[in-house]
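Residues: numbered from 1 along the sequence shown. All heavy atoms count here, side chains included; hydrogens, waters and symmetry mates do not. Numbering of ligands and ligand atoms starts at 1, following listing order.
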Amino acid sequence: MDSKKIQMPREVHIGADVIDNTGSICKDLRFYGEVLVVTGPNTLKIGADKAIESLENEDFEVDLSKINDATSKTVKKIEDKLNNTSLIVGVGGGKVIDVAKMAATNAGIYFVSVPTAASHDGIASPLASIKNNKGSVSMTAQAPIGVIADTNIIRNAPFRLLSAGCADIVSNYTAIKDWQLANRLQNESYSESAAALSLMTAKLIMKSSKSIKKGLEESARLVVKSLFSSGMAISIAGSSRPASGSEHKFSHALDKIAKKPALHGEQCGVGTIMMMSLHGGDWEVIKNALHDMNAPTNAYELGIDPDDIIEALIMAHKIRPERYTILGDRGLSRDAAKKLAIKTGVI
Ligand SMILES: NC(=O)C1=CN([C@@H]2O[C@H](COP(=O)(O)OP(=O)(O)OC[C@H]3O[C@@H](n4cnc5c(N)ncnc54)[C@H](OP(=O)(O)O)[C@@H]3O)[C@@H](O)[C@H]2O)C=CC1
Ligand SMILES: O=C(CO)COP(=O)(O)O
Ligand SMILES: [Zn+2]
């Protein structure tokens, strides 16, 4: 049997104000000297300033980079900034974390993940979703050596981000159905343990859908832990298969088509409703749970033109064609796409 590598974080810190311990956590992880903090325009004030203060209190020499997107060009820009840097600390949403993760991997140095929102399940995974001229590519990277999730910052983030994180986890349902299909039709390798962990996480978040509330530390903690375990399913599989299938292809297509795309998790949630219907599953249960989580369930709530939903459905199978899903090799016809979106109330 082929050998297998599973990479996971060494330390995970979840709790109120843990960001103030960033310096001591990095010191305990045996880092010293120069650190590059990567952040975004909003998350600089919300999180990065606190992480920098804590690092400087522990005598780290800190450089700062602000980024706006998760493109391969931005990853290269970060790599060019590295000098004697021993560690990259990514403080922000999914884009910041993916860029920091990928740049650290390419440079052969370590990376610490400091999510300021529970909006996606890449906070602890060994993959980075990077955009290039072909669209979004799921790239193999290293898992963060440490994760510092400050539940005080996360609970005060816009509630929309937390709902998006829940919807990103709900999408594991169709991702697993697609993976099982690819295993049956294409003999694609399939991990029972990764799939079980991914599904267990999705079930837990569905069960808690009514109790996830704005501003609550318990809610922030529950979603972070769920995103973490979904990320661990990705680690075990060594690919995003347990958490990304046809519903993610639909979201990646929307990112290319829509004038103003919604949040990643929000789009994946709406994609899950439609892909569950294609799989012949109970899409109404998915829709009701997303509604209870305050996540969008239709084009109007996503703020996306219904015509763009149809175009994204038609295009979705062309995104990462090597990843076989319910969309098959030929995808949906225009009529079928329209019928699906209307049937599920998405348009
Ligand atoms: N690697 C993986 O396995 C995975 C990767 N992803 C990727 O992650 C990305 C999606 O992540 P997502 O977080 O939704 O999107 P973004 O990283 O674009 O973040 C969305 C917005 O939220 C802001 N924000 C973050 N935290 C706070 C806060 N505490 N308060 C106020 N605003 C805040 C960001 O600010 P700012 O402008 O400062 O950045 C940004 O404007 C996609 O690119 C997706 O492909 C998703 C799932 C898994
Ligand atoms: O978003 C992800 C899992 O939630 C990662 O998936 P992709 O591989 O589709 O970028
Ligand atoms: Zn996702």
Side-chain angles (χ1 to χ4, degrees), residues 19 38-50 66-71 74 90-102 105 111 113-131 135-144 149-172 174-175 178 198 201-202 220 226-228 230-235 237 239-255 261-269 271-272 316 319-320 322-323 325:
I19 200 164
V38 178
T39 192
N42 297 307
T43 42
L44 173 62
K45 291 268 165 302
I46 293 161
D49 278 350
K50 290 180 183 162
K66 246 191 319 178
I67 63 132
N68 293 303
D69 58 42
T71 58
T74 303
V91 186
K95 285 180 187 156
V96 163
I97 291 189
D98 279 344
V99 167
K101 196 189 277 180
M102 200 66 235
T105 303
F111 155 67
S113 167
V114 187
T116 55
S119 50
H120 63 97
D121 57 11
I123 58 178
S125 76
L127 292 173
S129 303
I130 303 296
K131 269 101 193 145
S136 177
V137 187
S138 192
M139 301 184 79
T140 304
Q142 59 177 356
D150 188 322
T151 47
N152 232 349
I153 292 181
I154 292 168
R155 84 181 165 93
N156 286 314
F159 190 53
R160 190 184 160 197
L161 291 167
L162 197 76
S163 299
C166 295
D168 201 20
I169 298 171
V170 167
S171 73
N172 292 5
T174 43
D178 285 325
S198 163
T201 311
S226 304
L227 292 169
F228 178 77
S230 193
M232 290 309 95
I234 295 176
S235 287
S239 100
S240 60
R241 255 302 188 183
S244 170
S246 48
E247 72 302 314
H248 271 65
K249 288 180 181 238
F250 164 75
S251 171
H252 294 313
L254 263 186
D255 282 341
L263 290 170
H264 168 84
E266 295 177 328
Q267 296 183 162
C268 292
T272 306
I319 310 270
R320 300 189 194 153
E322 70 286 359
R323 181 165 292 190
T325 69

Where ligand 2 meets [X] - atom numbers and elements under 4.0 angstrom, heavy-atom basis:
X: Ser129; answer: 5 (C), 7 (P), 10 (O)
X: His264; answer: 1 (O)
X: Arg320; answer: 7 (P), 8 (O), 9 (O), 10 (O)
X: Asp168; answer: 4 (O)

Within the side chain of [X], is there an N or O that forms a donor-acceptor pair under 3.5 Å with the backbone of [Y]?
X: Asp121; Y: Gly231; result: no
X: Lys249; Y: Arg320; result: yes
X: Thr43; Y: Thr39; result: no
X: Asp178; Y: Ser246; result: yes
X: Thr71; Y: Thr74; result: yes
X: Gln267; Y: Ala262; result: yes

Exactly which residues line ligand 1, taking a heavy atom under 4.0 Å from it as the test?
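Within 4.0 Å of ligand 1, protein side: Gly40, Pro41, Asn42, Thr43, Ile46, Gly93, Gly94, Lys95, Asp98, Lys101, Thr116, Ala117, Ser119, His120, Asp121, Gly122, Ser125, Leu127, Ala128, Ser129, Lys131, Ile153, Ala157, Pro158, Leu161, Asp168, Leu263, His264.
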
Identity of the N, O or S atom of His248 lying closest to the Zn ion (ligand 3):
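It is NE2 of His248.
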
For Asn172, all residues meeting side-chain hydrogen bond (donor to acceptor under 3.5 Å, both in side chains), sequence neighbours excluded
Ser198, Ser230

Modelled atom types, side-chain donor and acceptor of Asp255 and His264, under 3.5 Å:
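There is no such pair between these side chains.
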
Short side-chain donor-acceptor distance under 3.5 Å, Ser119 and Arg160:
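No donor-acceptor contact under 3.5 Å links the two side chains.
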
Out of His120, Glu247, Lys131, His248, whose heavy atom is nearest to atom 2 (C) of ligand 2?
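Considering heavy atoms of His120, Glu247, Lys131, His248, the nearest to atom 2 (C) of ligand 2 sits in His248.
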
Given NE2 of His264 on one side and OD1 of Asp168 on the other, what angle do they make at the Zn ion (ligand 3), to 10°?
100°

Side chain proximity check, Ser113 to Ile97, heavy atoms < 4.5 angstrom:
yes

So Ser125 and Lys101, side chain to side chain donor-acceptor pair (under 3.5 Å) or not? Walk me through it.
CA-CA 9 Å; Ser125 76; Lys101 196 189 277 180; 3.2 Å; yes

Considering only the protein, which heavy-atom contact is closest to atom 8 (O) of ligand 2, and what is its distance?
Ser240 OG, 2.6 Å

Which residue holds the protein heavy atom closest to atom 3 (C) of ligand 2, what is that atom called, and what is the gap in Å?
Asp121 OD1, 3.1 Å

Just to be sure I read this right, does ligand 2 sit under 4.0 Å from the backbone of His252, its side chain, both, or neither, counting only heavy atoms?
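Contact part for His252 vs ligand 2: side chain (C-beta onward).
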
